[in-house]
Amino acid sequence: MAYTLPLSFPVFDGNEAHYLKQAIGSGQLATNGEFIDRFEKKLCRKMKSHQAVALNSGTSALHLALILLGVGHGDEVICQSFTFCASANPIVYLGGTPVFVDSEADTWNMSPELLEDAVLSRISLGKKPKAIIVVHLFGMPAKMKEIMEISVKYNIPVLEDAAEAVGSMYRGESCGSFGKIGVFSFNGNKIISTGGGGALISNEVSVIEKAKYLSSQAREDLPYYQHLEIGYNYRMNNMAAAVGLAQLEKLHDCISKRRAVNARYRDLFEDLPGIEFQPELEESTPNYWLSAILINGEKTGFSNDRLRIMLFKAGIESRFLWKPLHLQPVFRGAPFYGGQVAEKLFLKGLCLPSSENLSLEGQKKITDIIERELSKIS
Ligand SMILES: *Cc1c(COP(=O)(O)O)cnc(C)c1O
């Protein structure tokens, strides 16, 4: 169904068509061509990172990152439970086991206290985790200061899944730039899109070199095809990079507009009882890829699913928050540290339309629907 107000929609109103035409004109559409290099350089400048590798999805970026961190068969990797399955699936691709950690209420991301509990518990079992995957959910930065302290204390590298947090800032620095490796996604409905795409950033040159090598079939620099390792076909293509370069040029603008959408929701919902927003730390500047709310059914008289259906009937798309991975049938039996924080967020939450071109009128329509539902209990 085509929604009148979709959840999240990229807008291609910059140089996208112009660059795409140039890429086609150059005859270089595949994983060669100038836009890949230009896209990587621009991404580095935006993230103040040393180097970046453009890849064909966020999932392949996470897979490569785990390989680069040395994750292999039988290894354990700690992962935030409250996230999309793509954060943890690559652990399983490598024959590893995910160990899930619950969220905290301040950011909805990984709890540093529970992370330390999990690390100590796994070490005491003789299974020191190989890596820690932290996610910045809906673009909201996790408590990176505390998490990096634990990473340093126990010497376990952090992989930042910043798929949803392109351009989000924490203590003046970009999400994705805190861990040993950071990963982004440019899939269809993310804050900026290359159709499908991802990237990996790191300040370690050796990590970047190896990522470039493995993502292009581990081809040796020889006149014939020689391979010493098993590689992957994970590079971004030149057409996607052409669109991506144009999207990066307007990243700042995309973020301002999504932040304005979030601010307007906060204004419009100010007097509505039983509705809360994803909290924001003072040291954070989220990109607000998605605006997410919690519905306290005792005060509103309706659940998140009831609201989802009411919005749906009006042609408005909304979505549940991620179902925690420790509750997913596919990850049954994986160790989990925590309580019911993520589970309760899942049971109460809803993501609202958040596209950069969402109008005030559209947001008022959503407010009216909520007010109408609220009036039924009073
Ligand atoms: C979108 C997303 C991914 C995967 O990125 P793709 O480009 O779709 O492969 C990974 N993690 C999170 C948290 C995401 O939202």
I'd like to know if [X] and [Y] make a salt bridge, using a cut-off of under 4.0 Å between side-chain N and carboxylate O.
{"X": "Lys180", "Y": "Glu204", "value": "yes"}
{"X": "Glu116", "Y": "Lys143", "value": "no"}
{"X": "Arg372", "Y": "Asp368", "value": "no"}
{"X": "Glu209", "Y": "Lys212", "value": "no"}
{"X": "Glu361", "Y": "Lys365", "value": "no"}

Backbone of [Y] reached by a side-chain donor or acceptor of [X] within 3.5 Å:
{"X": "Trp289", "Y": "Asn189", "value": "yes"}
{"X": "Asn237", "Y": "Ala240", "value": "yes"}
{"X": "Arg258", "Y": "Leu290", "value": "no"}
{"X": "His50", "Y": "Ser202", "value": "no"}
{"X": "Ser168", "Y": "Pro141", "value": "no"}
{"X": "Asn109", "Y": "Val134", "value": "no"}
{"X": "Lys250", "Y": "Val11", "value": "yes"}
{"X": "Tyr170", "Y": "Lys145", "value": "yes"}
{"X": "Glu356", "Y": "Cys254", "value": "no"}
{"X": "Glu343", "Y": "Lys323", "value": "no"}

Taking C-beta and beyond as the side chain, do [X] and [Y] meet within less than 4.5 Å on heavy atoms?
{"X": "Gln278", "Y": "Pro286", "answer": "no"}
{"X": "Ser174", "Y": "Met169", "answer": "yes"}
{"X": "Met110", "Y": "Val135", "answer": "no"}
{"X": "Trp322", "Y": "Leu345", "answer": "no"}

At their closest point, which heavy atom of [X] faces which heavy atom of [Y], and how far apart are they?
{"X": "Lys130", "Y": "Leu69", "answer": "CD-O, 4.3 Å"}
{"X": "Leu68", "Y": "Ala211", "answer": "CD1-CB, 3.8 Å"}
{"X": "Thr300", "Y": "Gly274", "answer": "CG2-O, 3.6 Å"}
{"X": "Gly349", "Y": "Asn304", "answer": "O-ND2, 3.0 Å"}
{"X": "Pro112", "Y": "Glu104", "answer": "CD-CG, 4.1 Å"}
{"X": "Pro98", "Y": "Val92", "answer": "CD-CG2, 4.3 Å"}

Does the plane of the ring in Tyr19 sit parallel, tilted or perpendicular to the ring in Phe35? Use 30° and 60° as the thresholds.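 Tilted, since the angle between the ring planes falls between 30° and 60°.
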
Determine the interplanar angle of the Phe138 and Phe82 rings, folded into 0 to 90°, and report it as parallel if under 30°, tilted if 30 to 60°, perpendicular if over 60°. perpendicular

Listed once per pair and sorted, the side chain to side chain donor-acceptor pair (under 3.5 Å) pairs that draw on residues 55-65, sequence neighbours left out: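 Qualifying pairs: Asn56-Ser60, Ser57-Ser60, His63-Tyr234.
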
For [X] and [Y], test the side chains for any donor-to-acceptor distance below 3.5 angstrom and give the result as yes or no.
{"X": "His227", "Y": "Gln217", "answer": "no"}
{"X": "Ser111", "Y": "Asp102", "answer": "no"}
{"X": "Glu276", "Y": "Asn296", "answer": "no"}
{"X": "Thr285", "Y": "Arg259", "answer": "no"}

Spatial distance of atom [atom1] ([X]) from atom [atom2] ([Y]) [nearest 0.5 Å]:
{"X": "Ser177", "Y": "Lys48", "atom1": "OG", "atom2": "NZ", "result": "9.5 Å"}
{"X": "Leu62", "Y": "Asp161", "atom1": "CG", "atom2": "CG", "result": "4.5 Å"}
{"X": "Arg266", "Y": "Tyr288", "atom1": "CZ", "atom2": "OH", "result": "4.0 Å"}
{"X": "Ile192", "Y": "Phe186", "atom1": "CD1", "atom2": "CZ", "result": "5.0 Å"}
{"X": "Asn187", "Y": "Glu164", "atom1": "CG", "atom2": "CD", "result": "11.0 Å"}
{"X": "Phe100", "Y": "Cys79", "atom1": "CZ", "atom2": "SG", "result": "5.5 Å"}

Count the heavy atoms belonging to other residues, nucleotides or ligands that lie under 6.0 Å from [atom1] of [X], then report whether that count exceeds 12.
{"X": "Phe9", "atom1": "CZ", "answer": "no"}
{"X": "Lys128", "atom1": "NZ", "answer": "yes"}
{"X": "Glu298", "atom1": "CD", "answer": "no"}
{"X": "Leu125", "atom1": "CG", "answer": "yes"}

Same cluster (ILVMFWY, side-chain, under 4.5 Å), [X] and [Y]:
{"X": "Leu94", "Y": "Val183", "value": "yes"}
{"X": "Leu245", "Y": "Val166", "value": "no"}
{"X": "Leu321", "Y": "Ile275", "value": "no"}
{"X": "Phe12", "Y": "Ile255", "value": "no"}
{"X": "Leu7", "Y": "Val261", "value": "no"}

For Ser318, what residues pass the side chain to side chain contact (heavy atoms under 4.5 Å, CB included) criterion, not counting sequence neighbours?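 Ser318 satisfies side chain to side chain contact (heavy atoms under 4.5 Å, CB included) with Arg308, Leu311, Leu350 only.
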
Run the numbers on Arg38 and Glu249 for salt bridge (Lys or Arg N to Asp or Glu O under 4.0 Å), then give the verdict. CA-CA 11 Å; Arg38 288 174 67 186; Glu249 287 172 353; 5.3 Å; no

Please test Asp305 against Phe320 for side chain to side chain contact (heavy atoms under 4.5 Å, CB included), starting from the C-alpha separation and ending with a verdict. CA-CA 8 Å; Asp305 198 36; Phe320 278 95; 3.4 Å; yes

With [X], which of [options] fulfils side-chain contact (heavy atoms from CB on, under 4.5 Å)?
{"X": "Ile91", "options": "Ile133, Asp75, Val99, Thr97", "result": "Ile133"}
{"X": "Ile156", "options": "Ile78, Val119, Val77", "result": "Val119"}
{"X": "Met144", "options": "Glu173, Glu283, His136", "result": "His136"}
{"X": "Asn238", "options": "Ile36, Leu29, Thr31", "result": "Ile36"}

Test side chain to side chain contact (heavy atoms under 4.5 Å, CB included) on His18 and Lys21; report intermediate values, then the result. CA-CA 5 Å; His18 175 58; Lys21 217 170 156 191; 5.8 Å; no

Let me see the working for Gln80 and Leu115 under side chain to side chain contact (heavy atoms under 4.5 Å, CB included), right down to the final yes or no. CA-CA 9 Å; Gln80 181 166 323; Leu115 168 63; over 6 Å; no

